[in-house]
Undergrad: 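One structure, pasted below without further comment.
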Amino acid sequence: GAGVSQSPSNKVTEKGKDVELRCDPISGHTALYWYRQRLGQGLEFLIYFQGNSAPDKSGLPSDRFSAERTGESVSTLTIQRTQQEDSAVYLCASSLMAGAGYGYTFGSGTRLTVV
Amino acid sequence: ILNVEQSPQSLHVQEGDSTNFTCSFPSSNFYALHWYRWETAKSPEALFVMTLNGDEKKKGRISATLNTKEGYSYLYIKGSQPEDSATYLCSLGGGADGLTFGKGTHLIIQP
């Protein structure tokens, strides 16, 4: 597609429920990144994919968080047993390739609120 | 973990005035520095990707410089307009990993 698409744009969920966030990157972009921004904080790196593999999962905050990518395209970020501290804007970005010299194109984000 | 510091945290500027703000980072093992503009309710938009010491990039009224030896980058906005109001994010890349972002400078242009 023309840009990075994320869904849903907003999600309100009850504490303890599982949520799934979706990212559809720009076609042909091999690298895909997940970040989140909690209130008053900077952008926090979660995970990135080169193709369908995730060389760096170090940013995932706990084992309740998991992510996968299939077909070198769509990625889903799953949060199990959500907690209030998971409330944040979750941003997905893609780039032509992994590497610091490649600019990111971001999606509009998913605003997750855990009540 | 890379430490990317941005200052000031927020800035109020009169329309028509020029302004600048700073991104500081460790000067060792530098790969690339990115600037993004993030307007409310929109996605962050890439402004510049800078890789070489002494790099100077320009996009309209916005420009940026890079000093990798001393570990800083400046972003300049000339003749600020209300549409420049946004959070400006600086980020540093460490090779093949994801970028590390600073907390941003929140710029408000007052008419």
Side-chain angles (χ1 to χ4, degrees), chain A residues 1-7 9-10 23-26 29-51 53-60 67 75 88-111, chain B residues 1-10 21 23-53 55 57 59 64 66 68 73 86-106:
Chain A
V4 178
S5 177
Q6 289 188 247
S7 62
S9 54
N10 276 288
C23 173
D24 206 336
I26 290 175
H29 277 197
T30 64
L32 185 149
Y33 305 84
W34 283 99
Y35 286 81
R36 73 175 179 182
Q37 185 181 43
R38 292 188 284 182
L39 197 63
Q41 305 291 315
L43 277 176
E44 178 187 355
F45 169 74
L46 298 178
I47 188 170
Y48 93 96
F49 291 89
Q50 175 60 50
S53 64
D56 187 356
K57 301 182 182 179
S58 63
L60 293 178
S75 175
V89 175
Y90 288 80
L91 282 171
C92 173
S94 69
S95 64
L96 193 61
M97 292 182 69
Y102 293 92
Y104 287 9
T105 302
F106 280 90
S108 299
T110 293
R111 182 175 296 278
Chain B
I1 296 176
L2 296 169
N3 191 25
V4 182
E5 299 282 344
Q6 290 189 250
S7 63
Q9 196 170 35
S10 66
F21 29 92
C23 175
S24 303
F25 52 88
S27 54
S28 57
N29 295 321
F30 177 85
Y31 285 88
L33 182 140
H34 297 217
W35 281 102
Y36 291 84
R37 175 170 60 199
W38 194 0
E39 294 179 69
T40 304
K42 295 187 178 179
S43 21
E45 172 200 355
L47 290 174
F48 306 115
V49 178
M50 308 177 81
T51 56
L52 298 175
N53 183 44
D55 245 356
K57 299 223 171 177
K59 187 175 180 178
L66 177 66
T68 60
S73 174
T87 297
Y88 290 82
L89 296 171
C90 171
S91 58
L92 212 64
D97 300 337
L99 295 172
T100 299
F101 284 82
K103 291 188 178 178
T105 291
H106 185 50

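Since this is a predicted model, take the numbers as computed values, not measurements. Values reported hereafter were calculated over all heavy atoms of this structure, with side chains retained and with hydrogens, waters and symmetry mates removed.
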Undergrad: Kindly compute the distance separating CG (A:Leu43) from NZ (B:Lys103), expressed to the nearest 0.5 Å.
TA: 12.0 Å

Undergrad: Of all heavy-atom pairs between B:His34 and A:Tyr102, which one has the smallest distance, and what is that distance?
TA: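 Closest approach of B:His34 to A:Tyr102, heavy atoms only: CE1-O, 3.1 Å.
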
Undergrad: Select, from B:Gly104, B:Pro44, B:Gly102, B:Ser91, the one with the greatest count of heavy-atom pairs under 4.5 Å involving chain A.
TA: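 Option with the greatest count: B:Pro44.
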
Undergrad: Measuring heavy-atom distances to chain B, does A:Leu91 have an atom under 4.5 Å in its side chain, in its backbone, in both, or in neither?
TA: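 Just its side chain gets close to chain B.
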
Undergrad: Heavy-atom distances under 4.5 Å only: say whether B:Leu33 touches chain A with side chain, backbone, both or neither.
TA: neither

Undergrad: Under 4.5 Å from any heavy atom of chain B, what part of A:Gln50 do you find: side chain, backbone, both or neither?
TA: neither

Undergrad: Grab the two heavy atoms, one from A:Gly107 and one from B:Ser43, that are nearest each other, plus how far apart they are.
TA: O-CB, 2.8 Å

Undergrad: Which bit of B:Tyr36 comes within less than 4.5 Å of chain A, counting heavy atoms only: side chain, backbone, both or neither?
TA: side chain

Undergrad: Above 12 or not: heavy atoms from other molecules or residues under 6.0 Å from CD of B:Gln9?
TA: no

Undergrad: Counting heavy atoms not belonging to B:Phe30, are there more than 12 under 6.0 Å from its CZ?
TA: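 Counting neighbours around CZ of B:Phe30, more than 12 heavy atoms of other residues, nucleotides or ligands fall under 6.0 Å, so yes.
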
Undergrad: For the backbone of B:Leu99 and the side chain of A:Tyr35, can you confirm whether one donor and one acceptor N or O come within less than 3.5 Å of each other?
TA: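 Here the side-chain-to-backbone pair exists.
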
